[in-house]
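The next block holds one structure in the form of C-alpha cells; read it before the comments.
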Amino acid sequence: MLKLLFWLLLIGNAALFAMQRGYLGATASERHEPKRLAQQLHPETLTILPANSEKLVSPAKSDAPAGTVAVAAAEDAAKDAKQSKPDATPPEAKVPADAAAPAVPLIACTEIGNFNAVEVRKFDVQLSSLNLPVKPTTRSVQEAASHMVYIPTQDGKEGADRKTAELRRLGIQDFYVMPESQPNPALRWAISLGVFKTEEAAKAYIGRLIPQGVRSARIMARNVTSNKQAYQWRNVDAATKTALDGLKAKFPNQEMRSCTG
C-alpha cells in the first residue's frame with residue numbers, strides 16, 4: 001500500500017513538473033492576452049481597414065465565378081475608357097459668347113468733295129496709291145455760284161410797295177425790287193436783300209435780319225453749275241477711315257461728310 005502511494009505521488013509530481021516546464025503545452029496563465037501580445041511578430045506591419053475597403057472586396061471578387069469576374073472587368077474597362085476619352089467638343093465651341101471680340105461698327109457712307117476737273121485728277125492719283133479695300137463711287141455735284149436772300153412775291157407790285165415801306169420802317173435800306181420783266185416768274189416783284197457767295201454767309205445774314213423784325217426772308221441758289229465731283233465710300237471700317245482722313249488732309253479745301261448709304 002505504501003509503494004502504491006509513493007508511485008502516485010511520484011507520478012503526480014512529474015506531471016506537475018512537466019506542465020510547469022511546458023512540456024505538455026501552454027498553461028492557462030500563458031494564454032492570457034498580455035502575454036500573447038508580447039509574443040507577436042512585427043506588429044507594426046498590421047493595418048486596420050474600414051469595412052468598405054476595396055482590399056477587403058478584392059478577395060471576394062477573386063472567389064467569384066469566372067463569368068462574374070469577366071463582367072466586372074468589362075465594366076471597369078468601359079468606365080476607364082469613358083474617363084480617358086478626349087472631349088469631342090471643338091475648342092471654339094467652348095468659348096463663351098461674351099468672350100468673343102465685339103464687332104467693330106462700320107461707317108455706312110462717307111463722302112469727300114467737291115472737286116473740279118483739275119482736282120479730280122490729283123485726287124485720283126493719291127487715292128490709287130492707297131490701294132484701299134473699299135472702292136469709291138462718284139457723283140456729280142450741283143454747286144451754286146451764289147446765294148440770294150430775298151422776300152418772295154406778295155400780291156404783285158402793290159404787295160412789293162407795302163413790303164418795302166415796312167423794311168424802311170425797320171431801318172433796312174439795302175434791298176432791290178425785282179421788276180415784272182424778271183425771267184423767273186417766281187421772282188417777279190420779289191425783293192432781293194443781298195447776294196452772297198456761300199450759303200453759310202446767306203444764312204448768317206438772315207440771322208441778323210430776324211432780330212430786326214424781318215421773318216419772311218428766304219435763300220435761293222443762283223447760277224447753278226454741275227461740273228464738280230464727289231467720292232463716296234460705303235461700309236467703311238476703321239482702318240479705311242483713317243486712310244481717308246489722311247488723304248483728305250492733303251486737300252484742305254475739300255469737305256469730308258456723312259452721306260446716305
Which atom of [X] lies closest to which atom of [Y], heavy atoms considered:
X	Y	result
M178	L187	CB-O, 3.3 Å
A217	L193	CB-CD1, 4.1 Å
A230	N114	CB-OD1, 3.9 Å
L130	A243	CD1-O, 4.1 Å
F196	A202	CD1-CA, 3.8 Å
T153	A190	OG1-N, 3.5 Å

Practice problem: Verify side-chain contact (heavy atoms from CB on, under 4.5 Å) between Q173 and R168, making sure each step is shown before the conclusion. | Solution: CA-CA 6 Å; Q173 305 295 331; R168 290 188 179 95; 3.9 Å; yes
Say whether, by atom type as modelled, one donor and one acceptor occur between the side chain of [X] and the main chain of [Y] under 3.5 angstrom.
X	Y	answer
K248	Q254	yes
R257	G113	yes
E119	N116	yes

Exercise. Start with the C-alpha distance between C259 and R139, add both sets of side-chain angles, then the distance that settles side-chain contact (heavy atoms from CB on, under 4.5 Å), and finish with yes or no.
Key: CA-CA 12 Å; C259 52; R139 71 177 185 91; over 6 Å; no
Out of curiosity, does [Y] fall in the hydrophobic cluster containing [X] (side-chain heavy atoms, cut-off under 4.5 Å, transitive links)?
X	Y	answer
V120	L244	yes
L209	V177	yes
V214	I210	yes
I219	F175	yes
W189	Y176	no

Quiz prompt | NZ/NE/NH1/NH2 to OD/OE distance under 4.0 Å, E180 and R188 | solution = no
Quiz prompt | Sidechain N-carboxylate O distance under 4.0 Å for E166, R169 | solution =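 Looking at E166 and R169, the cut-off is not met.
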Distance check, rounded to the nearest 0.5 Å: [X] atom [atom1] versus [Y] atom [atom2]?
X	Y	atom1	atom2	result
M256	E111	CE	CD	10.5 Å
K228	S140	NZ	OG	12.0 Å
D155	K163	CG	NZ	11.5 Å
N13	L9	CG	CG	6.5 Å

Self-check item: Steps toward side-chain contact (heavy atoms from CB on, under 4.5 Å) verdict (Q126, K250)
Solution: CA-CA 9 Å; Q126 296 288 338; K250 298 178 180 180; 3.1 Å; yes
Practice problem: Give the intermediate values and the outcome of side-chain contact (heavy atoms from CB on, under 4.5 Å) for residues T110 and T240. | Solution: CA-CA 11 Å; T110 188; T240 302; over 6 Å; no
Exercise. Would you please test D161 and T164 for side-chain hydrogen bond (donor to acceptor under 3.5 Å, both in side chains) and show each step?
Key: CA-CA 5 Å; D161 292 340; T164 56; 4.7 Å; no
Self-check item: Aromatic ring pairing F251/F115, orientation class (parallel under 30°, perpendicular over 60°, tilted between)
Solution: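 Rings of F251 and F115: perpendicular, as their planes differ by over 60°.
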Quiz item: Do L127 and L247 have side-chain heavy atoms sitting under 4.5 Å apart?
Solution: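 Yes, close enough: below the 4.5 Å cut-off.
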Quiz item: Is W233 close to I112 at the side-chain level, that is, under 4.5 Å between some pair of heavy atoms?
Solution: yes
Quiz item: More than 12 foreign heavy atoms under 6.0 Å from CD of E158: is that the case here?
Solution: no
Quiz item: What side chain to side chain donor-acceptor pair (under 3.5 Å) pairs are there with at least one residue in residues 194-211, not counting sequence neighbours?
Solution: none
